[in-house]
Amino acid sequence: MNAMNSIIGSMLVLFLMGCQPPTSRPSESEHGPEEAEVATTSTGEMFYLEPEELNKQMMLAKQGDAKAAMRVAEHYSLGENDMKSSIPWLTIAAETGDIVAMQNIASSLSALGGKENCQAALGWFERAKREKSPEEIKEYGIDDSIARLKIDFDGCVKRSR
């Protein structure tokens, strides 16, 4: 029985080692092998844009490119953790009728709180409901978002940052 437990234990260790995220391989240099570095990327790093790319995307967004506006908004909200700076870029994308942008700006404004932001959030959810198909409204949970915001409107206002 102990031999069977040892075999099962060894197999489990090998299996779990195979489930580990990949690491970069050690590189060989003239000074010999270096330590292996674990490849890590945070969510913020995934959305961060280098200054040159950020400027390019901003220019495209100002010309009405919804995807570029979303990339800039994501850079600020997720790459730099600066939700307030993402709002103008989400607005550009939302004004083109992008339902994801409408939902994101409404959620961002709601998270910022304050009466003005909460009213604007409700306005974006309601605009999405007016302009989008019943299938999209259902898929993106627009009715549920409107209901939740109306129920917790006072809480939204009190969240003012």
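Here Asp144 contributes atom CG and Phe125 contributes atom CZ; the two are 10.5 Å apart, rounded to the nearest 0.5 Å. Taken from CZ in Arg127 to CD1 in Ile142, the straight-line distance is 12.5 Å, to the nearest 0.5 Å. Rounding to the nearest 0.5 Å places CZ of Arg130 at 7.0 Å from CD of Glu126. Interatomic distance, Leu78 CG to Asn81 CG, rounded to the nearest 0.5 Å: 8.5 Å. Rounded to the nearest 0.5 angstrom, Leu49 CG and Glu80 CD are separated by 9.0 Å.
In terms of modelled atom types and a separation under 3.5 Å, the side chain of His75 and the main chain of Tyr48 share no donor-acceptor contact.
Evaluation of the disulfide (SG to SG under 2.5 Å) test over residues 48-117, restricted to residues two or more places apart or in two chains, returns none. The disulfide (SG to SG under 2.5 Å) analysis of residues 73-112, with sequence neighbours excluded, yields no pairs. Listed by first then second residue, pairs satisfying side-chain hydrogen bond (donor to acceptor under 3.5 Å, both in side chains) with a partner in residues 106-121 read Ser110-Arg159, not counting sequence neighbours. Sorted by first then second residue, the salt bridge (Lys or Arg N to Asp or Glu O under 4.0 Å) pairs that include residues 49-63, not counting sequence neighbours, are Glu53-Arg71. The list of disulfide (SG to SG under 2.5 Å) pairs with a residue in residues 116-157, not counting sequence neighbours, reads Cys118-Cys156.
Residues Phe47 and Val72 do not share a hydrophobic cluster, clusters being chains of Ile/Leu/Val/Met/Phe/Trp/Tyr side chains in contact below 4.5 Å.
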- Given side-chain contact (heavy atoms from CB on, under 4.5 Å), test Met70 with Leu90 step by step and report yes or no. CA-CA 6 Å; Met70 287 295 287; Leu90 283 171; 3.8 Å; yes

- For side-chain contact (heavy atoms from CB on, under 4.5 Å), just list the numbers for Met58 and Trp89, CA-CA rounded to whole Å, side-chain angles, deciding distance to a tenth of an Å, and then say yes or no. CA-CA 8 Å; Met58 285 177 160; Trp89 305 102; 3.7 Å; yes

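Here Lys138 pairs with nothing under the side-chain contact (heavy atoms from CB on, under 4.5 Å) rule; sequence neighbours left out. Qualifying side chain to side chain donor-acceptor pair (under 3.5 Å) partners for Ser85, counting only residues two or more places apart in sequence or in other chains: Asp82. In terms of the side chain to side chain donor-acceptor pair (under 3.5 Å) criterion, residue partners of Glu136 (sequence neighbours excluded) are, by chain and number, Ser133. The side-chain contact (heavy atoms from CB on, under 4.5 Å) search around Ala120 returns Leu109, not counting sequence neighbours. In this structure Lys129 satisfies the salt bridge (Lys or Arg N to Asp or Glu O under 4.0 Å) test together with Asp143, sequence neighbours excluded.
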Throw together a table of side-chain donor-acceptor distances under 3.5 angstrom for residues 96-106, partners on residues two or more places apart or in other chains.
residue : atom : partner : partner atom : Å
Thr96   : OG1  : Ala93   : O            : 2.6
Asp98   : OD1  : Val100  : N            : 2.9
Asp98   : OD1  : Ala101  : N            : 2.9
Gln103  : NE2  : Tyr140  : O            : 2.6

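Using a 4.5 Å cut-off between side-chain heavy atoms of Ile, Leu, Val, Met, Phe, Trp and Tyr, Met59 forms no hydrophobic cluster with any other residue.
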